Amino acid sequence: MTTFDVVLLAALAAGAYLATCLAWPYTTCRTCRGVGQFRVRLLRAVRICPACEGSGLRLRAGRRAWNRYRRTHQARRRDHHR
């Protein structure tokens with residue numbers, strides 16, 4: 001496998017992940033496994049998941065990075081046009 005093949009494969013994988021982040025921005029929460037709540041072991045009580053705030057969904061890391069880039073880019077454009 002040549003260097004070009006590795007770079008091409010990495011670019012295809014990154015493109016596929018970007019498409020996934022744009023089409024499905026949310027994934028199931030790893031803390032509660034998508035339920036939105038979990039049991040506390042010591043008290044056996046049910047608590048709302050602090051990671052997803054009870055929704056069972058979390059924003060993907062790639063989508064979070066894309067949103068941060070977009071907000072930064074828009075802020076720069078707004079500041080530049082003033």
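These values consider heavy atoms only, across backbone and side chains, with no hydrogens, waters or symmetry-generated copies. These numbers were taken from a predicted model, which means no experiment stands behind them.
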Run the side-chain donor-acceptor check on residues 24-32: report pairs under 3.5 Å with partners two or more places apart or on a different chain.
none

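Cluster annotation: Y69 and L22 are assigned to the same hydrophobic cluster (Ile/Leu/Val/Met/Phe/Trp/Tyr, side-chain heavy-atom contacts under 4.5 Å, transitive). Connection of L59 to L57 is established within a shared hydrophobic cluster, with ILVMFWY side chains joined at heavy-atom distances below 4.5 Å, either directly or through further cluster members.
In this structure, the side-chain contact (heavy atoms from CB on, under 4.5 Å) partners of L8, at least two apart in sequence or on a different chain, are F4, L12.
Here the shortest heavy-atom pairing between C49 and F38 reads CA-CE2, 3.6 Å. For the pair R44 and R39, the tightest heavy-atom approach, listed with the atom from each and the gap, is O-NH1, 3.0 Å.
Here the straight-line distance linking atom CD of Q37 with atom SG of C52 works out to 10.0 Å at 0.5 Å rounding. Distance CZ/R71 to CH2/W66: 12.5 Å, rounded to 0.5 Å.
Panel note: side chain R47, backbone V40; no donor-acceptor pair is recorded below 3.5 Å.
No more than 12 heavy atoms of other residues, nucleotides or ligands sit less than 6.0 Å from atom CZ of R68.
Sorted by first and then second residue, the pairs that involve residues 50-63 and meet side-chain hydrogen bond (donor to acceptor under 3.5 Å, both in side chains), not counting sequence neighbours, are R63-N67.
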